Colleague: 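Dropping a structure here in structure tokens format, bear with me for questions.
What you are looking at is a predicted structure, and each value in this text was computed from that prediction instead of being measured.
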Amino acid sequence: MQKQAILTDNVAPPLGAYSHAIQVGNLLFVAGQVAVDRNGNLVGKGDSAAQTRQVMLNIQALLEAAGASFDNVVKMN
């Protein structure tokens, strides 16, 4: 099966040589996310709830870029 990197302007570009998400067939693998907005600015310094919301928004943007939603998520670590 072919691997496809998932890219979106709604998430800051990844640092280093990796992708935020990789799709293989009908499976999507999302890398760990941090609380930065699409411009790379830290969101909610010292506020874990605000940081969690931003991380979940980043994951949502990656899911949507792959044509999926949280309804399709099977497991999160």
Side-chain angles (χ1 to χ4, degrees):
M1 288 186 177
Q2 187 173 352
K3 296 187 292 187
Q4 177 184 351
I6 301 300
L7 304 172
T8 177
D9 291 337
N10 293 323
V11 177
L15 301 174
Y18 76 95
S19 300
H20 283 304
I22 298 287
Q23 188 168 9
V24 181
N26 63 354
L27 297 176
L28 181 67
F29 299 89
V30 178
Q33 296 298 302
V34 295
V36 295
D37 64 16
R38 67 191 319 174
N39 298 314
N41 300 311
L42 176 64
V43 173
K45 183 177 181 182
D47 182 347
S48 61
Q51 290 179 7
T52 300
R53 279 190 295 277
Q54 184 61 48
V55 166
M56 297 306 283
L57 287 171
N58 292 349
I59 294 170
Q60 181 179 8
L62 293 165
L63 290 169
E64 289 174 355
S69 72
F70 279 108
D71 289 338
N72 303 111
V73 173
V74 174
K75 179 180 180 181
M76 293 179 74
N77 295 8

Colleague: Can you get from Met1 to Ile22 by hopping between Ile, Leu, Val, Met, Phe, Trp and Tyr side chains that sit under 4.5 Å apart?
Modeller: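 Shared cluster, yes.
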Colleague: Is there a chain of hydrophobic side chains (I, L, V, M, F, W, Y, each step under 4.5 Å between heavy atoms) that links Phe70 to Val11?
Modeller: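 Yes, Phe70 and Val11 fall within the same hydrophobic cluster.
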Colleague: When rounded to the nearest 0.5 angstrom, what is the spacing between CZ in Arg53 and CG in Leu57?
Modeller: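 One gets 9.0 Å once the value is rounded to the nearest 0.5 Å.
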Colleague: For a quick test of reading the model, state the closest non-hydrogen atom pair linking His20 to Ala12 and the distance between them.
Modeller: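 Here His20 and Ala12 meet closest at NE2-O, 2.6 Å.
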Colleague: Heavy atoms only: give me the nearest Ala5-Ser19 pair and the separation to one decimal.
Modeller: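 In terms of heavy atoms, the two residues are closest at CB-OG, 3.5 Å.
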Colleague: Considering only heavy atoms from C-beta outward, does the side chain of Ile59 approach that of Met76 to under 4.5 Å?
Modeller: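 Result yes, sub-4.5 Å side-chain heavy-atom pair found.
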Colleague: Do Asp37 side-chain atoms and Asn39 backbone N/O form a donor-acceptor pair below 3.5 Å?
Modeller: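 Yes; at least one donor-acceptor contact below 3.5 Å.
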Colleague: Hey, what do you get for CD (Glu64) to CD1 (Ile6), rounding to the nearest 0.5 Å?
Modeller: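 Output value for this atom pair is 12.5 Å.
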Colleague: Is Leu28 linked to Val73 within one hydrophobic cluster, defined over Ile, Leu, Val, Met, Phe, Trp and Tyr using a side-chain heavy-atom separation of less than 4.5 Å?
Modeller: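 Both belong to a single hydrophobic cluster.
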Colleague: Has Leu27 got more than 12 heavy atoms of other residues, nucleotides or ligands less than 6.0 Å from its CG?
Modeller: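 More than 12 heavy atoms, drawn from other residues, nucleotides or ligands, come within 6.0 Å of this atom.
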Colleague: Does any part of the side chain of Asn72, heavy atoms only, come nearer than 4.5 Å to the side chain of Leu63, both counted from C-beta?
Modeller: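 No, too far: nothing below the 4.5 Å cut-off.
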Colleague: In terms of hydrophobic clusters joined by side-chain contacts under 4.5 Å, are Val30 and Met56 together?
Modeller: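 Same cluster: Val30 reaches Met56 through Ile, Leu, Val, Met, Phe, Trp or Tyr contacts under 4.5 Å.
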Colleague: How about Gln51 and Asp47: does a side-chain donor come under 3.5 Å of a side-chain acceptor?
Modeller: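 No, because no side-chain N or O of Gln51 sits under 3.5 Å from a partner of the opposite role on Asp47.
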Colleague: Quick one: closest heavy-atom pair of Ala50 and Val43, and the distance?
Modeller: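 For Ala50 versus Val43, the nearest heavy atoms are O-CG1, 4.2 Å.
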Colleague: If we check side-chain contact (heavy atoms from CB on, under 4.5 Å) with Val24, which of these qualifies: Lys3, Gln4, Gln2?
Modeller: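 That would be Lys3; it is the only one of Lys3, Gln4, Gln2 passing the side-chain contact (heavy atoms from CB on, under 4.5 Å) with Val24.
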Colleague: Determine yes or no for a side-chain-to-main-chain donor-acceptor pair under 3.5 angstrom, with Gln33 supplying the side chain and Val55 the backbone.
Modeller: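 Flag not set: sc Gln33 to bb Val55 has no pair under 3.5 Å.
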